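Numbers for residues simply follow the sequence, beginning at 1. Keep in mind the model is a prediction, meaning the values are calculated, not measured. Counting starts at 1 for both ligands and their atoms, following the listed order.
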Amino acid sequence: MYLQEIDEIFNKQKEYYSTQITKDVNFRINQLDKLKSAIQEYEEKIVEAIKKDFDKCEFEVFETEVGITLSEIKHVRNKIKKWSEPQKVKTPLTNPGAKTYIYKQPYGVCLIMSPWNYPFYLCISPLIGAIIGGNCAVVKPSELSPNTSKIIKEMIEKYFNKEYIAVIEGEVEVNKYLLTKKFDYIFFTGSPAVGKVVMEAAAKELIPCTLELGGKSPCIVDESCDIDMSAKKIVWGKLLNGGQTCIAPDYVIAHHNIKEDLIEAMKKYIKLFYGEEPMKSKDYTSIINERHFNRITGLIDENKVVYGGKNNKESLKIEPTIIDKVTINDKVMNDEIFGPLIPILEFENIDEVVEIVEVNKNPLALYVFTKDKNFEETIISRISFGGGCVNDTIMHISNHNAPFGGIGNSGIGSYHGKRSYDAFTHEKTILKSSSIDIPFKYPPYSKKALQLLKKAFEIL
Ligand code: NAD
């Protein structure tokens with residue numbers, strides 16, 4: 001795409017936003033209905049495109065890309081009217097007779113930049129936020145999932161005018177150029193490294209932004225847990241999308257007393273889910289490209305592999321690989337894995353768990369498997385992380401009633417459901433004054449006025 005075309009789209013969106021059309025609540029509802037029809041029409045093409053990009057199976061595409069997006073549309077659709085109404089809040093006696101309201105104001109023209117790992121969902125879910133908030137949006141899908149990117153562009157262009165919603169494809173140079181434009185809000189999903197680039201660009205123009213980033217999400221397995229169930233849920237959460245999930249359990253910290261049994265149970269579930277040759281399973285996703293394939297295979301210490309370890313460069317598949325006796329100094333613990341490797345570390349007391357997690361501070365997710373309430377609550381309160389589950393993995397993302405987001409290295413801000421509406425709007429406080437006026441607040445200030453002021457602050 002020519003950079004000139006980006007300028008044109010950007011300017012047209014600014015103009016369109018200024019017509020006030022996008023602020024109308026019925027307009028927003030209609031656009032959401034259109035988006036739903038578009039997704040329904042394109043469902044098959046989306047499945048095909050994601051299969052082409054990294055051999056993801058239809059079930060997982062529906063579960064984690066199409067189905068979850070449609071259910072989010074359903075969740076927010078009937079609530080937009082209520083969310084858009086000015087919300088009345090209490091007014092202190094310093095303003096006798098006055099009323100205070102919080103108005104929700106769209107930001108204007110928003111930029112949405114997305115990663116490749118959930119190439120449809122992570123473009124469209126933020127777009128739902130932009131629409132319900134009353135904004136215009138430019139969506140930039142990842143260049144690493146070109147088939148999905150193409151379909152998203154085709155779908156959006158069929159249903160929406162570019163001056164309202166536009167999809168811009170292209171290499172990283174395009175992202176860089178987009179970041180030079182004075183958008184009114186930026187929603188970025190991707191790595192912490194690029195998150196810093198985005199925030200730096202946003203800072204130059206003081207553009208508000210939400211950053212949904214990644215990190216090393218720990219999975220802590222206590223000796224009191226149900227070993228079989230824990231293994232089943234860890235294996236599922238880890239291998240979904242070929243291990244390329246921002247909230248996948250990155251590594252396991254298992255209690256010394258149950259570690260061996262947990263590993264055996266995990267082997268059992270890998271075989272149950274994907275058979276003796278997982279790389280041939282129709283349900284097992286490929287690695288997105290050769291660069292990531294080489295990066296992930298380079299993290300495997302063959303001497304420590306207790307299950308799996310093989311790979312196929314042609315199909316870009318890496319076997320589910322359990323790596324035992326891992327320490328914090330192993331290569332696999334340096335950075336987010338983003339692939340089907342399961343490093344196992346062990347602990348005997350909770351301080352050791354905290355120490356390990358603190359090395360890669362503020363993970364996006366944390367999972368704890370335990371039947372011990374005290375252990376569970378201690379982990380939740382002592383460790384800082386984005387969000388997570390007790391006795392499960394991944395599923396906290398599926399609740400539209402709760403915020404999804406990271407902290408520190410794993411992100412800033414949150415979204416989903418009402419939080420998406422909040423993310424894409426500014427809260428504007430409006431005080432509507434009454435005819436009652438307090439005379440002593442005006443200069444020249446007398447001593448008596450000061451006394452009255454002090455009294456007023458004591459009372460209020
Ligand atoms: P990435 O940061 O490499 O790319 C994300 C987007 O940024 C892409 O659109 C890409 O084109 C663009 N980009 C890349 N380099 C850029 C640069 N120098 N300047 C400007 N833009 C640039 O991330 P990725 O590899 O696509 O995705 C994987 C990462 O995303 C992982 O860290 C993962 O944990 C994270 N992630 C987070 C969430 C979340 O919801 N928090 C969801 C999915 C993925």
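Considering both main-chain and side-chain atoms, Leu144 never comes within under 3.5 Å of ligand 1 through any nitrogen or oxygen pair. Residue Asn175 places at least one N or O, backbone or side chain, under 3.5 Å from an N or O of ligand 1. At a 3.5 angstrom cut-off on N or O pairs, Gly190 counts as close to ligand 1. For ligand 1, the polar-atom distance check finds an N/O of Trp116 within less than 3.5 Å of one of the ligand's N/O atoms. An N or O contact shorter than 3.5 Å is missing between Ser410 and ligand 1 by distance. Checked against a 3.5 angstrom limit, the closest N/O atoms of His292 and ligand 1 fall outside it.
With hydrogens and angles disregarded, a donor-acceptor distance shorter than 3.5 Å links the side chain of Thr425 to the backbone of Tyr421. Listed for the Glu171 side chain is no donor-acceptor partner under 3.5 Å among the backbone atoms of Glu143.
Against a heavy-atom cut-off of under 4.0 Å, Met113 is close to the following atoms of ligand 1: 21 (N). Numbered from 1 in the order shown, with element, the atoms of ligand 1 that lie under 4.0 Å from a heavy atom of Asn117 read 43 (C), 44 (C). Less than 4.0 angstrom separates some heavy atom of Thr189 from each of these atoms of ligand 1: 5 (C), 37 (C), 38 (C), 39 (C), 40 (O), 42 (C), 43 (C). In the vicinity of Lys140, heavy-atom distances shorter than 4.0 Å reach the ligand 1 atoms 11 (O). Close approach to Leu122 involves these atoms of ligand 1, each under 4.0 Å from a residue heavy atom: 42 (C), 43 (C). Applying the 4.0 Å criterion to heavy atoms of Glu143 picks out, from ligand 1, the atoms 10 (C), 11 (O). Under a 4.0 Å criterion applied to the non-hydrogen atoms of Leu364, ligand 1 contributes the atoms 41 (N). Atoms of ligand 1 found under 4.0 Å from any heavy atom of Pro115, numbered from 1 in the order shown, are 24 (P), 26 (O), 27 (O), 43 (C), 44 (C).
By the 30° and 60° cut-offs, the orientation of the rings of Phe424 relative to Tyr185 is perpendicular. The aromatic rings of Trp83 and His75 lie tilted to each other, with the angle between the two planes from 30° to 60°. His416 and Phe404 have parallel rings, their planes meeting at less than 30° on a 0 to 90° scale where 60° marks the start of perpendicular. Taking the six-membered ring where tryptophan is involved, the planes of Tyr159 and Tyr42 are perpendicular, since the angle between them exceeds 60° and thus also 30°. A tilted orientation is assigned to the rings of Tyr16 and Phe27, their planes being inclined by 30° to 60°.
In this model, no donor atom of one side chain and acceptor atom of the other lie less than 3.5 Å apart for Thr285 and Gln244. A donor-acceptor contact closer than 3.5 angstrom is absent between the side chains of Lys418 and Asn401. In the model, Tyr269 has a side-chain atom that pairs as donor or acceptor with a side-chain atom of Asp228 under 3.5 Å. If you check the side chains of Asn391 and Lys233, you find no donor sitting under 3.5 Å from an acceptor.
The number of heavy-atom neighbours closer than 6.0 Å to CD of Glu355, taken from other residues, nucleotides and ligands shown, is 12 or below. Atom NZ of Lys81 has 12 or fewer neighbouring heavy atoms from other residues, nucleotides or ligands inside a 6.0 Å radius.
Here the protein heavy atom with the shortest distance to atom 41 (N) of ligand 1 is Leu213 O, 2.7 Å. Scanning the protein for heavy atoms near atom 22 (C) of ligand 1, the closest one is Val194 CG1, 3.4 Å. When only non-hydrogen protein atoms are considered, atom 23 (O) of ligand 1 lies nearest to Ser191 N, 3.5 Å. The protein heavy-atom contact nearest to atom 7 (O) of ligand 1 is Phe188 CE1, 3.4 Å. Protein heavy atom nearest atom 36 (N) of ligand 1, with residue, atom name and distance: Cys246 CB, 3.5 Å. Looking only at protein heavy atoms, the nearest one to atom 17 (C) of ligand 1 is Val172 CG1, 3.5 Å.
The closest approach between a heavy atom of Phe404 and any atom of ligand 1 is below 4.0 Å.
There is no protein heavy atom closer than 4.0 angstrom to atom 4 (O) of ligand 1.
Residues Lys140 and Glu169 are not paired through a salt bridge, judged by the lack of any N-O separation under 4.0 Å between the basic side chain and the carboxylate.
Among Phe338, Tyr118, Tyr121, the residue whose heavy atom sits closest to atom 28 (C) of ligand 1 is Phe338.
Looking at Glu336 against ligand 1, only its side chain comes within 4.0 Å, counting heavy atoms. Proximity of Ser114 to ligand 1, defined as any heavy-atom pair under 4.0 Å, is confined to the backbone N, CA, C and O atoms.
Between Phe183 and Phe10, the distance separating the two ring centers is shorter than 6.0 angstrom.
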